[in-house]
Amino acid sequence: METGSLWRKWDLHIHTPASYHHNFRFSDDGERIEYNDDIWDKYIDELEKILDVAVIGITDYFSIEGYKKVLEYRQKGRLENFDLILPNIEFRLDRFLSSRKDEEPKRLNFHVIFSDEIEPERIEKEFLEELHIKTPFGEERKLTRGNIEEIGRILKEHHERFRDKSDYFVGCMNITISLDEIIEVLYKKKVNFWWEILACFTR
């Protein structure tokens with residue numbers, strides 16, 4: 001008898017401890033001691049409990065640092081419960097969703113999901129580093145972690161409400177990327193990349 005359609009569940013929006021904003025915590029001091037204060041080990045253990053999802057997208061804002069870390073575990077024989085793990089980069093755009101007059105405008109977020117056949121280094125060198133950050137003080141800089149952190153440091157010097165946050169957190173909170181530039185770079189590099197633009201999200 002021939003097999004009919006086979007349906008598999010995908011979850012392409014899974015953030016990691018490398019994301020500037022995440023909710024991964026130890027439940028208590030006992031758990032912290034159990035994992036030797038390594039939140040990544042707990043994160044991987046939690047992912048391995050998922051048995052009904054075939055494909056996941058490892059998601060971080062403006063980077064693939066979390067994806068690279070997950071690949072390290074995968075190469076050590078972990079996360080075999082997934083058939084496929086894809087890199088998903090989430091960008092906060094310089095565009096707002098239209099809103100009612102009594103609502104604060106919401107920025108549009110945009111995700112770019114790459115094939116797992118593309119090496120992380122190529123994604124960084126030929127895509128991410130081709131993009132430019134738009135800063136709150138009206139300048140553009142290359143999209144690098146160092147620039148994000150420097151923007152965060154400058155903002156912390158001028159805004160007291162940011163002082164208790166990390167430079168990286170504050171930088172990521174306040175930078176944006178041009179959607180037009182994202183699309184332009186992807187088309188320019190289309191010979192090198194098998195890519196798919198998946199969705200837009202609000203935050």
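If you're wondering where the values come from, they're calculated on a predicted model, not measured in any experiment. This chain uses plain numbering: 1 for the first residue, then up along the sequence.
- Shortest non-hydrogen contact noted between Ile89 and Leu128 is CD1-CD2, 3.9 Å.
- Taking the side chain as every heavy atom from C-beta outward, Tyr35 and Phe26 approach each other to under 4.5 Å.
- In terms of modelled atom types and a separation under 3.5 Å, the side chain of Asp11 and the main chain of His13 share a donor-acceptor contact.
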List the steps and the verdict of side-chain contact (heavy atoms from CB on, under 4.5 Å) for Tyr67 and Leu86. CA-CA 8 Å; Tyr67 175 70; Leu86 301 172; 5.7 Å; no

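- Taking both residues in full, the closest heavy atoms of Arg8 and Asp83 are given as NE-OD2, 3.6 Å, listed atom of the first, atom of the second, then distance.
- By the 4.0 Å N-to-carboxylate-O rule, Glu121 lies too far from Lys125 to be salt-bridged with it.
- In this view, Phe169 and Tyr20 satisfy the ring-ring contact (aromatic ring centres under 6.0 Å, His included) rule, not counting sequence neighbours.
- Heavy-atom contacts from other residues, nucleotides or ligands closer than 6.0 Å to CG of Asp29 number 12 or fewer.
- Contact record, Pro136 with Leu155: CG-CD1, 4.1 Å, taken as the closest heavy-atom pair.
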Name each donor-acceptor pair under 3.5 Å that joins a side chain in residues 173-182 to protein atoms two or more places apart or in another chain, with its distance.
unit_1: Asn174; atom_1: ND2; unit_2: Val170; atom_2: O; d: 2.8
unit_1: Ser178; atom_1: OG; unit_2: Asp180; atom_2: N; d: 3.2
unit_1: Ser178; atom_1: OG; unit_2: Glu181; atom_2: N; d: 3.2
unit_1: Asp180; atom_1: OD1; unit_2: Arg95; atom_2: NH2; d: 3.1
unit_1: Glu181; atom_1: OE1; unit_2: His132; atom_2: N; d: 3.0
unit_1: Glu181; atom_1: OE2; unit_2: His132; atom_2: ND1; d: 2.7

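- Listed by chain and residue number, Thr135, Phe137, Arg141 satisfy the side chain to side chain contact (heavy atoms under 4.5 Å, CB included) test with Glu139 (two or more places apart in sequence, or in another chain).
- The number of heavy atoms from other shown groups lying within 6.0 Å of CZ (Arg163) is above 12.
- Put simply, the side chain of Glu130 does not reach to within 4.5 Å of the side chain of Glu124, judged on heavy atoms.
- Stacking of Arg145 on the aromatic ring of Tyr168 is recorded, both the 6.0 Å distance cut-off and the 45° axial limit being met.
- The two residues Arg153 and Asp167 make their nearest non-hydrogen contact at CG-OD2, 2.7 Å.
- Side-chain atoms of His22 never come within 3.5 Å of backbone atoms of Ala18 as a donor-acceptor pair (strictly under, hydrogens ignored).
- A donor-acceptor pair under 3.5 Å is absent between the side-chain atoms of Ser19 and the main chain of His21, judged by distance alone.
- Going from atom CZ of Phe62 over to atom CG of Leu143 covers 7.5 Å, rounded to the nearest 0.5 Å.
- Residues passing the salt bridge (charged side-chain N to carboxylate O under 4.0 Å, His left out) test with Lys69, sequence neighbours excluded: none.
- A ring-centre distance under 6.0 Å is not found for Phe24 and His15.
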Residues 46-59 side chain polar contacts: donor-acceptor under 3.5 Å, at least two apart:
unit_1: Glu46; atom_1: OE2; unit_2: Lys49; atom_2: NZ; d: 3.1
unit_1: Glu48; atom_1: OE1; unit_2: Arg78; atom_2: NE; d: 3.3
unit_1: Glu48; atom_1: OE1; unit_2: Arg78; atom_2: NH2; d: 2.8
unit_1: Glu48; atom_1: OE2; unit_2: Arg78; atom_2: NE; d: 2.9
unit_1: Glu48; atom_1: OE2; unit_2: Leu79; atom_2: N; d: 2.9
unit_1: Asp52; atom_1: OD2; unit_2: Lys9; atom_2: NZ; d: 3.0
unit_1: Thr59; atom_1: OG1; unit_2: Leu12; atom_2: O; d: 3.4
unit_1: Thr59; atom_1: OG1; unit_2: Ile14; atom_2: N; d: 3.3
unit_1: Thr59; atom_1: OG1; unit_2: Gly57; atom_2: O; d: 3.2
unit_1: Thr59; atom_1: OG1; unit_2: Asn88; atom_2: ND2; d: 3.0

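- Note on ring orientation: taking the six-membered ring where Trp is involved, the planes of Trp40 and Tyr73 are parallel (angle under 30°, cut-offs 30° and 60°).
- In this structure Lys42 satisfies the side-chain hydrogen bond (donor to acceptor under 3.5 Å, both in side chains) test together with Glu31, sequence neighbours excluded.
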Walk me through whether Phe127 and Arg122 qualify under side-chain contact (heavy atoms from CB on, under 4.5 Å). CA-CA 7 Å; Phe127 175 58; Arg122 287 179 60 201; over 6 Å; no

